[in-house]
Student: 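Here it is: the structure, laid out below.
The figures that follow rest on heavy atoms only: side chains count, while hydrogens, waters and symmetry mates do not. Computed from a prediction, not measured in an experiment: that's the story for all the values here.
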Amino acid sequence: MKITKITSHVLQYEMPEVLGYSQQYYDKRTTHLVEVQTDEGVTGWGECFGPGNVARANKSIVEQVIQPMVQGLDPLDKDVIWHKVYNLLRDHGQGGMPIQALSGVDIALWDIVGKVAGLPLHKLIGGAHRTSVPCYGYGMMLRDEPIADLSARFEDEAATIKDMGFVATKMKTGFGPKPDVQLCEAVRRGVGEDFPFMVDANHAYTTSEAFYVGRALEELGAYWFEEPVAPEDLDGYRELRAGLKINISGGEAVFNRWAWRALLENRSVDIAQPEVCALGGISEYLRVLALCHTHFTPVVNHVWGSAVAVATNLHLLAAMPAMPGGLHPWEPMLEFDTTDNKFRDDLLTVPLEIQKQVKANNGRVTIPTGPGLGVEPDLEFIDHHRIDG
């Protein structure tokens, strides 16, 4: 079997409302799918992390840089391919867009291997430790409106997400320490006293600002404080983890095993959040997961993107060993974006229907059982939403 063609499909649509996080507002949703074709008719699908123009840039890397390196190679030699591409690209970036592009290709190769073997991804990894996973819903995105109005909106939205059946919820912050604490207080009011909620700052703060917000979150009983400072600021992470009682989480912007080694050896996070569509694909994710567990750091995957990314993460969460083990082990959760996402809800020939599952199954989502990722994108849907040819 040989790789004959790799195609990037960058899809986009206008969102029904403008949403934001601490770094920007956006009015379009983008996803970047990777299709790897072979001479035996087996096709694999993957996904690259990155919105908007980042997806366009990654498309060029996938098709014009990586494709010539791997065309004609056996897709079953996925680890050989991973290291060939990484070694040839490392002089041009050990993280960021080159690794995001490689991630999508690698996921597609694993999909091919599963289809050839007739086995789901979690079986290829070693089997399912669980047949379903709990799911948390995030929302409470930033909007350009007065804090009082946004607080009322956040309170209502948090209550709605709880009523949808999710086991926990997550909000965004990014206006500054004092207004952000007001928003966090509103979310606590919305979900009630005992329901878990998390806070994602998307590295909005200096260390001193993060301490201010973190101490307020301790009083509110928040479960974790995500990306409080810049991903490069390992010392800031360590200081926050040592000085706050709340769990410090992060890692979505950390690429490859070597960067993860530095984060973990620095004792920077209580909860690791690797992003499989960014850090190097499934091959590298498994190495990073092993590193995290070597450092006794629990993992809750960062999940952003289309149904391809969601399906990939469901398999990875199923195959994740308990850490630590026992009668009632700590359990990873699936992250689910409750805002409008046609690329998750309408992309597949057979939808995952995550929200329906959550409501019917006490907040849990079942693992796909078909070969490879166990999902197939709808080609007509892709054609309808594709941009740039």
Student: Determine whether a donor-acceptor pair (N or O, by modelled atom type, separation under 3.5 Å) exists between the side chain of Glu40 and the backbone of Val42.
Tutor: no
Student: Could you tell me whether a side-chain N or O of His83 sits under 3.5 Å from a main-chain N or O of Asp79, the two making a donor and an acceptor?
Tutor: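 Side chain of His83 to backbone of Asp79: a pair is present.
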Student: Check for me whether Arg241 meets the cation-pi criterion with Trp224, that is, NZ or CZ under 6.0 Å from the six-membered ring centre and within 45 degrees of the ring axis.
Tutor: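 That pair does not qualify as a cation-pi contact.
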Student: Is there a donor-acceptor pair closer than 3.5 Å between any side-chain N or O of Asp74 and the backbone N or O of Lys2?
Tutor: no
Student: Write out all pairs satisfying salt bridge (Lys or Arg N to Asp or Glu O under 4.0 Å) with one or both partners inside residues 108-132, taking only residues at least two apart or from two chains.
Tutor: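 Sorted pair list: Asp111-Lys115, Lys115-Glu376, Arg130-Glu331.
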Student: Report yes or no: do Ser306 and Glu47 form a side-chain donor-acceptor pair below 3.5 Å?
Tutor: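 A pair is found: one side chain offers a donor N or O, the other an acceptor, under 3.5 Å apart.
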Student: When you measure from the side chain of Glu335 to the backbone N and O of Val303, does any donor-acceptor pair fall under 3.5 Å?
Tutor: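 Answer holds: yes.
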Student: Among pairs that include at least one residue of residues 250-300, which meet ring-ring contact (aromatic ring centres under 6.0 Å, His included), considering only residues two or more places apart or in two chains?
Tutor: Tyr86-Trp258
Student: With a 4.5 Å heavy-atom cut-off, do Val213 and Phe225 have their side chains touching?
Tutor: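 When only atoms from C-beta onward are counted, Phe225 and Val213 do touch, with a gap below 4.5 Å.
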Student: Is it the case that the ring center of Tyr136 lies less than 6.0 angstrom away from the ring center of Phe336?
Tutor: no
Student: Would you say Glu275's side chain and Phe49's backbone share a donor-acceptor pair under 3.5 angstrom?
Tutor: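 A pair under 3.5 Å: no.
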Student: Any Lys/Arg nitrogen of Lys59 or Glu63 sitting under 4.0 Å from an Asp/Glu carboxylate oxygen of the other?
Tutor: yes
Student: Hey, does the side chain of Arg257 reach the backbone of Glu284 with a donor-acceptor pair shorter than 3.5 angstrom?
Tutor: no
Student: Where the side chain of Gln23 meets the backbone of Asn202, is there a donor-acceptor pair that is under 3.5 Å apart?
Tutor: yes
Student: Should we say atom CD of Glu145 is surrounded by more than 12 heavy atoms from elsewhere, each under 6.0 Å from it?
Tutor: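 Yes, CD of Glu145 has more than 12 neighbouring heavy atoms, counting only those of other groups under 6.0 Å.
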Student: Could you tell me whether the side chain of Met141 reaches within less than 4.5 Å of the side chain of Thr339, counting heavy atoms only?
Tutor: yes
Student: Please check this pair: side chain of Glu209 against backbone of Thr206, looking for a donor-acceptor N/O pair closer than 3.5 Å.
Tutor: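 Side chain of Glu209 to backbone of Thr206: a pair is present.
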Student: Any side-chain heavy atom of Asp340 within less than 4.5 Å of one from Glu17?
Tutor: no
Student: Is it true that a side-chain atom of Asn266 and a backbone atom of Leu234 form a donor plus acceptor pair closer than 3.5 Å?
Tutor: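 Yes; at least one donor-acceptor contact below 3.5 Å.
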Student: Could you give me the CA-CA distance, side-chain angles and deciding distance for Lys342 and Asp345, then say whether salt bridge (Lys or Arg N to Asp or Glu O under 4.0 Å) is met?
Tutor: CA-CA 5 Å; Lys342 291 180 174 60; Asp345 299 337; over 6 Å; no
Student: Identify every side-chain donor-acceptor pair in residues 319-328 under 3.5 Å, counting partners at least two apart or on other chains, and give the distances.
Tutor:
none

Student: Any cation-pi pair here, Lys172 with Tyr138, using under 6.0 Å and within 45°?
Tutor: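 Yes, a cation-pi geometry holds between Lys172 and Tyr138.
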Student: What I want to find out is whether Glu155 reaches Arg189 closely enough, with some N-O distance under 4.0 Å, to be called a salt bridge.
Tutor: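 The answer is yes: the pair qualifies as a salt bridge.
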